[in-house]
Amino acid sequence: MIRLYNTLTRKKEELQTLEPGVVKLYVCGPTVYNDAHVGHAMSALVFDIIRRYLEYRGLDVRHVMNYTDVDDKIINRANEMGIDPFALSKKYIDDFDQNLEDLNILPATAKPQVSKTMPQIIEFIQGLIQKEAAYAAPNGDVYFSVSEDEDYGKLSGRKLDDMQAGARIEVEETKSHPMDFALWKAAKPGEPAWDSPWGKGRPGWHIECSAMNLAELGEQIDIHGGGNDLIFPHHENEIAQTESFTGKQFARYWMHNGMLQLGGEKMSKSLGNIVSIKEFLSKRDADVMRMLVLNGNYRSPLMFNEETLDGAEKGLERIKSALKLAPAAAPGAAPEALSALEKQTAATREAFVAAMDDDFNAAGALGGIFELVRAINAARDAGATGEQLQPAQDAIRELAGVFGLRLAEKKGSGDADKFIDLLLEVRAEVRAQKLWALSDLIRDRLKALGVTVEDSKQGSTWHW
RNA sequence: GGCGACGUGGCCAAGUGGCUAAGGCAAGGGUCUGCAAAACCCUGAUCAUGGGUUCAAAUCCCAUCGUCGCCUCCA
């Protein structure tokens, strides 16, 4: 039984899907006007891990992630750069797709864009007007009427009366309630615009997700996800729109990831404390970012700094250490040692599922994996053969695979490999003659170049 | 000011009523090694603070302090 924390009810609930064996998952994607940063990566990783786990548990996941490609920021930036807004958004959509691939994130099964969903958006707005949940203002704007919505505020736990007190002073005259939000914005000169019953214009931010959800997944979905900074107003408004339109419950479960913290505050474009995904990947392996996410709780803030990244990277190395082969001459481990390894393998598998079933507790599941790592390394030290280690190592690969970890060996510039091999061959001769000073010099100089040499009775190995 | 989440060893963090409070990183000691590295073994927290409920609380309730997010665009 899979349980997950539902923002709507503030409780963990059992996952019961609308259709047996199928999970309809919608995750809010980025507004594409700039390089995506590691905060976006966190969100994408969280839901990738969730998706992979649901699939591991035998569920068919229909995963939709949208691109917001019509927006003030895109238009402004394109104008600044003197280029077409669609050329700009296209570039950043391609970039983001590449970022996701580099991070080993499975592509969504559908990736709708606002600019390609315009008829459905207009139809949606018309429907809301017909139901008197929305109204067109004289200037060509269309607003959603929050006071017509009985349970507005249920996701974020806000009440309209409370919010009015803090509402901005400069309320637009055309709104009948200060909290009403735009479904359609009348075109201003120089902006991309589409024809509509209310004149030329473009959609507001929230309506696109409601319309794309409806178009891709239908009136009701299982899980709606996104960063917790979207709870209000974005997700609140999505609920208001869709439920007013369909008269049915929209998403059954709302899942929100915590914010990535850089220097004690949320990483965001507006604060300017950004590390782009591209920049991150030029310095560290994609697995490191994933480890960082796995070691935390997806709902909590995630500390992103050199110390936590180093910890994640070392932890990753530790998991990889379990995959090292047994020496060819291994004599075989004693029966007690082998049964301990078998026991731990089974225990780790069991702990993994138990932890992940409980609101995707990856950190707990990871703990079990590390215990198996220790058991494997201990068995190898105790003389286990490759064949004896195999089942446990397969379990590591399998479970790490569910997490989306690649566990690939670090790669240097491939051309150097055969020269390093050659150097170590020569060094082996030097060592045979017990010329330790020279042997150590080679090892130290290689270390300075990023190559780590490890000596053992069976010979020397190296890695980047 | 309002709403929400949270505060576990130096750092990251699991655990939400009851066996010895997981695990990773860092640190120290040891085994192995010519020396290192890797691996393995060993060492440390009574759970922000103060009350309360209970036979029993890190785990429930109240208060205080602190951190973060949202209330404007944001993953």
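Each chain gets a letter, A, B and so on, in the order its sequence line appears, and its residues count up from 1.
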Exercise for the section: Select base, sugar-phosphate, or nothing to describe what A:Leu260 touches, counting heavy atoms under 4.0 Å on all strands. Expected result: base

Problem - Polar side-chain contact A:Asp440-B:rG34 base: donor and acceptor under 3.5 Å - result: yes

Practice task
Round to the nearest Å and state the distance from A:Asn237 atom CG to B:rC70 atom C1'.
Solution key: 13 Å

Fill in the blank from the handout: Under a 4.0 Å heavy-atom cutoff, the residues of residues 380-390 of chain A touching RNA chain B are A:Asp381

Practice task
Ignoring hydrogens and angles, answer whether the base of B:rG34 and the side-chain atoms of A:Arg431 contain a donor-acceptor pair closer than 3.5 Å.
Solution key: yes

Exercise for the section: Determine, step by step, whether A:Asp455 and A:Arg427 satisfy the salt bridge (Lys or Arg N to Asp or Glu O under 4.0 Å) criterion, reporting the C-alpha distance in whole Å, the side-chain angles of both residues, the deciding distance to 0.1 Å, and the verdict. Expected result: CA-CA 11 Å; A:Asp455 298 322; A:Arg427 180 168 173 273; 2.9 Å; yes

Practice task
Nearest whole angstrom, please: distance from the P of B:rA38 to the NZ of A:Lys320.
Solution key: 15 Å

Exercise for the section: Respond yes when some side-chain nitrogen or oxygen of A:Lys314 is under 4.0 Å from OP1 or OP2 of B:rA26, and no when none is. Expected result: yes

Practice task
Using atom NZ of A:Lys457 as one end and atom P of B:rU31 as the other, report the distance to the nearest whole Å.
Solution key: 15 Å

Practice task
Figure out the OH/C1' separation between A:Tyr67 and B:rA75, and round it to whole Å.
Solution key: 13 Å

Problem - Gap between atoms CE and P, on A:Met255 and B:rA75 respectively (whole Å) - result: 19 Å

Practice task
Looking at every strand, decide which applies to A:Asp455 at a 4.0 Å heavy-atom threshold: base, sugar-phosphate, or nothing.
Solution key: base

Practice task
Assign A:Met291 to base, sugar-phosphate, or nothing according to its heavy-atom contacts below 4.0 angstrom with the strands shown.
Solution key: nothing

Practice task
Kindly indicate whether the side chain of A:Asn295 and the base of B:rG23 share any N or O donor-acceptor pair separated by less than 3.5 Å?
Solution key: yes

Practice task
Could you state the atom-to-atom distance from CD of A:Gln393 to C1' of B:rA39 in whole Å?
Solution key: 14 Å

Exercise for the section: Check every strand shown and say whether A:Gly367 touches a base, only sugar-phosphate, or nothing at a heavy-atom separation below 4.0 Å. Expected result: base

Exercise for the section: Tell whether A:Arg374 reaches the base of B:rC41 with its side chain through a donor-acceptor pair below 3.5 angstrom. Expected result: no

Exercise for the section: Check the distance between B:rC35's P and A:Leu446's CG and give it to me in whole angstrom. Expected result: 21 Å

Exercise for the section: Kindly confirm whether the side-chain ring of A:Trp436 is stacked on the base of B:rG34, judged by centres under 5.5 Å and planes under 30°. Expected result: yes

Practice task
Might you work through the ring-ring contact (aromatic ring centres under 6.0 Å, His included) test for A:Phe403 and A:Phe352, ending with a clear yes or no?
Solution key: CA-CA 11 Å; A:Phe403 276 160; A:Phe352 182 89; 5.0 Å; yes

Problem - B:rU16 phosphate, OP1 or OP2, under 4.0 Å from A:Lys12 side-chain N/O - result: no

Problem - Close side-chain approach of A:Ser460 and A:Arg443, heavy atoms under 4.5 Å - result: no

Practice task
Give the rounded distance in Å between these two atoms: CG of A:Leu435 and P of B:rC35.
Solution key: 17 Å

Exercise for the section: Check whether any side-chain heavy atom of A:Gln241 sits under 4.5 Å from a side-chain heavy atom of A:Phe181, and report yes or no. Expected result: yes

Exercise for the section: Mind checking A:His256 for me? I need base, sugar-phosphate or nothing, with any heavy atom below 4.0 Å counting as a touch. Expected result: nothing

Practice task
Just call it for A:Gly29: base, sugar-phosphate, or nothing, with non-hydrogen atoms closer than 4.0 Å on any strand.
Solution key: sugar-phosphate

Problem - Under-4.0 Å side-chain N/O to phosphate OP1/OP2 contact, A:Arg318 with B:rC40 - result: yes

Exercise for the section: Under 4.0 Å between any heavy atoms, over every strand shown, what does A:Ser156 touch: base, sugar-phosphate, or nothing? Just pick one. Expected result: sugar-phosphate

Handout entry: Side-chain touch A:Val114/A:Tyr67, heavy atoms, less than 4.5 angstrom
Key = no

Problem - Side chain proximity check, A:Ile376 to A:Leu372, heavy atoms < 4.5 angstrom - result: yes

